[in-house]
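First comes the structure, then the notes that go with it.
Because only heavy atoms are used, hydrogens play no part in the values below, and waters and symmetry mates are left out as well, while side chains stay in.
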Amino acid sequence: MDETRDQNAAPAGRPQGGIAARALAARGGPVAPPAADYLAGLNPEQRAAVETTEGPVLVLAGAGTGKTRVLTTRIAHILATRRAFPSQILAVTFTNKAAREMKTRIGHLVGGEVEGMPWLGTFHSIGVKILRRHAELVGLKSNFTILDTDDQIRLIKQLIQAENLDDKRWPARTFANLMDGWKNKGLTPDKIPEGDARAFAEGRGRTLYRAYQDRLVSLNAADFGDLLMHPIAIFRDHPDVLADYHRRFRYILVDEYQDTNVAQYLWLRLLAQHSPERAQNGQEGVNVCCVGDDDQSIYGWRGAEVDNILRFERDFPGATVIRLERNYRSTAHILGAAAGLISVNQDRLGKTLYTDLHDPEHEKVTVSAGWDSEEEARAIGEEIEQLQRKGAKLNDMAILVRASFQMREFEDRFVTLGLNYRVIGGPRFYERQEIRDALAYFRCVCQPADDLAFERIVNTPKRGLGDAAIRLLHDYARAKGLPLLAAAADLVGGDELKARPRAALAEVVRNFERWSGLLSTMRHTDLGEMILDESGYTEMWQADRSAEAPGRLENLKELIRSMDDYESLPGFLEHIALVMDTEQNAETDAVSIMTLHSAKGLEFETVFLPGWEEGLFPHQRSLDEGGRSGLEEERRLAYVGITRGKRRVKIWFVSNRRIHGMWQSTIPSRFLDELPEDHVDVLEPSTSYGGYGAGGMGGYGASRWDGNAFSTSSYGTPGWRRAQAAGGSGGYAGGRGRAIEYGEGGVSGSDARSRASATADKYIARDGAAGGSGRPDAAARAGPDRAGFAGRLSDPFSDNRSRGANQPPRKGGGLYSSARAGGPREIEGTLVAKSVADEPSRFSAGDRVFHIKFGTGTVAVVEGNKLTVDFDRAGQKRVLDGFVEPA
DNA sequence: GGGCTCCGCCTTTTT
DNA sequence: GGCGGAGCCC
């Protein structure tokens with residue numbers, strides 16, 4: 001790399017224009033005019049990133065360093081200095097949200113004329129655009145449909161059945177994921193690794209993939225992966241087409257470059273790389289600018305390759321690398337906490353964020369403990385209300401969770417409190433059943449050959465077209481080589497079908513013919529409404545007396561309303577195939593609830609980060625499947641979470657969480673240990689103190705969280721010490737953590753049902769025993785913080801009474817603590833024994849055992865037929881004794 | 001052909 | 001604990 005152009009060094013200090021101006025001057029182009037308004041307020045690095053328009057540029061932009069600002073200003077700059085027309089700029093983002101935001105921000109900068117930026121969009125939307133122009137080159141027509149996941153699964157299922165494979169043993173969903181992985185890597189059926197091909201469906205993975213692609217062509221359809229795969233194939237096989245795009249795109253910008261997968265990378269490289277032909281013509285390579293942050297790479301599971309960012313300089317020799325490290329968003333404490341955490345990762349380019357926001361008044365990042373997820377939600381709800389009373393806006397607060405199931409608890413709580421909230425990225429509008437059904441009708445009208453859509457609604461609402469009739473239709477269509485709707489039109493003229501289904505099908509055919517005929521004359525919103533009414537679909541939901549029906553009708557109305565924003569029915573369908581989200585109105589003041597993934601790129605004054613527990617965050621599956629890199633990705637996710645906060649970051653963890661409807665005792669996340677103490681406060685619980693599951697802390701070597709090292713002041717608060725003490729006195733060997741299942745007698749899901757009655761008994765008994773928890777002495781020996789628990793019992797607002805079956809174990813009186821620690825609550829101990837110990841185990845503590853997945857280990861605890869085993873390599877796990885054998 | 005019940009799997013993240 | 005799918009019965 002050219003040293004003088006490295007990072008902070010060069011362009012910044014030069015007279016304005018820098019490399020860009022020089023490059024232009026060299027070409028005889030106009031030199032950029034003196035600093036325009038839009039450049040004001042940029043720091044030197046940002047300005048360099050904006051003004052270095054020529055040649056490849058990599059901007060390593062840390063969290064909150066003004067990345068979007070740089071990108072948008074850069075585009076504005078290119079436009080303002082007339083280096084290119086809007087249509088000559090390709091700007092790619094990852095999400096629709098980012099694309100939208102960029103559009104509006106450029107609009108503000110250049111004065112509202114971004115309508116002319118036709119090539120600003122997501123990888124997928126731009127992929128569609130390209131594919132529509134050259135569809136015939138890959139065997140499609142330009143009006144091809146884009147399959148949603150639903151269609152895709154149904155189609156794969158048909159193929160699996162056609163191969164006479166057991167679709168239970170080889171689930172369509174699994175294959176869809178597999179194929180998605182291949183497409184993310186840019187692999188066509190003949191390119192997939194032999195091992196992959198063999199692993200699925202008795203070695204027929206490749207055959208299936210091929211059959212699937214063939215089927216898509218015959219359906220004139222493309223799936224999401226194809227929106228990248230097809231353009232790549234077109235560029236590769238048709239140099240003339242590629243050359244055309246090379247001429248067109250003078251500037252390429254890519255946002256979130258760290259999240260690009262191999263396919264996107266290939267796509268981009270084809271478009272952006274300096275080609276010999278261009279060099280001969282004396283043209284420069286395309287001016288490509290990629291912006292990203294390796295520390296925020298959180299989509300590895302989806303095929304993203306951080307490697308892309310790491311090898312940028314190799315791919316684009318002579319690249320300028322600019323680091324944005326000055327953070328404008330967060331306080332020094334927040335940055336410090338985030339920096340400490342992320343520094344544990346080994347695979348990183350390394351950036352050091354700094355800020356001018358130093359103020360002794362600033363709060364440290366807080367860590368709070370709760371007893372269970374319900375308490376977590378309640379306490380966070382209270383904190384939010386407190387902040388609100390002090391004048392804070394709900395819009396400035398967000399709760400960022402690891403997994404979407406965590407959202408529910410907050411929603412429930414906020415509904416009770418009457419606290420406004422909005423869920424972002426939750427169950428999406430266009431993925432709802434009624435919306436998909438309606439869209440299937442519209443698709444059939446616009447595209448009579450859309451068999452997947454037709455299948456979806458042919459008997460919805462019920463028309464008496466059952467399996468028999470549909471199978472006949474399928475066979476007929478296949479025999480004649482016709483789409484289903486056309487086949488149906490044929491079939492109703494004959495007598496193959498019985499009278500009733502024939503009449504029903506005939507009506508369907510007539511309807512679609514009529515609707516299609518109206519497509520060009522009728523207003524599309526009216527037509528949409530008419531289709532839903534005439535098909536009986538609206539009526540179906542009106543007749544439905546279930547609780548959701550009114551909501552569904554409301555959604556359908558909303559769908560029709562939203563069509564108004566589009567020119568035509570096909571135009572609308574195109575939009576929704578790609579943009580599966582609906583804009584959220586920020587009008588009302590509301591707390592945002594979303595996953596950490598969807599929070600990337602956002603910022604809030606106050607950020608709550610609940611659920612920092614091993615197994616949830618870092619997520620067990622990432623650890624199991626991703627190993628160290630999986631863990632590092634989780635850590636980056638934590639980093640993303642912390643760096644969303646501007647003033648306040650509040651982390652929570654609890655001792656008991658319900659996962660799959662079963663209560664599990666949890667241990668604090670290792671990430672908590674990695675937060676630098678100087679920037680963290682461990683809080684006294686604001687409500688009743690939520691201790692730990694007996695003995696459930698640490699587990700990852702010496703940890704502040706298991707009483708070995710809490711000597712510093714921030715971790716020396718009374719609450720903290722108490723937590724330590726409680727953890728240490730749990731009476732459990734080693735104080736190591738593990739996941740213990742509560743609820744259904746602590747059994748695995750499969751036989752939970754058979755225990756329903758035992759569970760009920762147990763809880764009835766436990767309610768009785770709960771009174772005993774109030775006895776200070778008894779409770780004192782049983783588990784953490786009984787004072788808090790006693791306090792709660794006497795709290796008239798406590799909802800203890802209403803606990804039904806499968807509630808979490810109560811504090812200090814948990815099933816686990818009494819059984820484990822041999823606490824004083826005999827009643828519960830007995831009940832536990834009854835519900836858990838159906839069969840005595842063959843093993844006892846100290847035995848060496850072997851498990852097929854976890855390897856060898858030592859039995860730590862035996863509870864009936866369930867063992868807690870310290871595996872030599874896999875750590876501590878709970879297993880049923882049937883799954884291990886003596887080692 | 002429709003509706004009911006039971007079973008199994010699931011819940012990481014998304015264009 | 002909740003949902004979808006399959007199978008059974010009417």
Between [X] ([atom1]) and [N] ([atom2]), how many Å, whole number?
| X | N | atom1 | atom2 | answer |
| --- | --- | --- | --- | --- |
| Ile593(A) | dT13(B) | CD1 | P | 15 Å |
| Glu633(A) | dT14(B) | CD | C1' | 13 Å |
| Gln296(A) | dT14(B) | CD | C1' | 17 Å |
| Gln406(A) | dG1(C) | CD | P | 19 Å |
| Gln152(A) | dT15(B) | CD | P | 15 Å |
| Asp226(A) | dT15(B) | CG | P | 18 Å |
| Leu596(A) | dT14(B) | CG | C1' | 14 Å |
| Arg463(A) | dG2(B) | CZ | C1' | 16 Å |

Would one find a side-chain N or O of Lys600(A) under 4.0 angstrom from OP1 or OP2 of dT15(B)?
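Lys600(A) to dT15(B) OP1/OP2: no side-chain N or O under 4.0 Å.
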Ring-ring centroid check Tyr299(A) Trp301(A), cutoff 6.0 Å
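Yes, ring centres under 6.0 Å apart.
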Out of [options], which has the shortest distance to the side chain of [X]?
| X | options | value |
| --- | --- | --- |
| Phe405(A) | dG2(B), dT11(B), dG1(B) | dT11(B) |
| Thr595(A) | dT15(B), dT13(B), dG1(B) | dT13(B) |
| Lys462(A) | dG3(B), dT14(B), dT15(B) | dG3(B) |
| Arg408(A) | dG2(C), dA6(C), dT14(B) | dG2(C) |
| Asn96(A) | dG1(B), dT15(B), dT14(B) | dT15(B) |
| His124(A) | dT13(B), dT15(B), dG1(B) | dT15(B) |

Nearest heavy-atom neighbours spanning [X] and [Y]:
| X | Y | value |
| --- | --- | --- |
| Phe144(A) | Arg132(A) | O-NH1, 2.8 Å |
| Ala403(A) | Gln406(A) | N-OE1, 2.9 Å |
| Val262(A) | Lys185(A) | CG1-O, 3.4 Å |
| Ala377(A) | Phe410(A) | CA-CE2, 3.6 Å |

Knowing that exactly one of His619(A), Arg402(A), Arg670(A) qualifies, which makes a side-chain hydrogen bond (donor to acceptor under 3.5 Å, both in side chains) with Glu634(A)?
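Answer after filtering His619(A), Arg402(A), Arg670(A): Arg402(A).
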With nearest nucleotides of DNA chain B determined for Gln264(A) and Gly464(A) from heavy-atom distances, which residue corresponds to the more 5′ nucleotide?
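Result: Gly464(A).
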Want to settle it: does Ser622(A) or Leu465(A) sit nearer the 5' end of DNA chain B, counting the closest nucleotide to each?
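Going by which nucleotide is closer to the 5' end, it is Leu465(A).
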Using a heavy-atom cut-off of under 4.0 Å over every strand shown, decide if [X] touches base, sugar-phosphate, or nothing.
| X | answer |
| --- | --- |
| Ser404(A) | sugar-phosphate |
| Phe123(A) | nothing |
| Lys157(A) | sugar-phosphate |

For Trp301(A) and dT13(B), is the gap between ring centres under 5.5 Å while the planes differ by less than 30°?
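According to the criterion (under 5.5 Å, under 30°), yes, Trp301(A) stacks.
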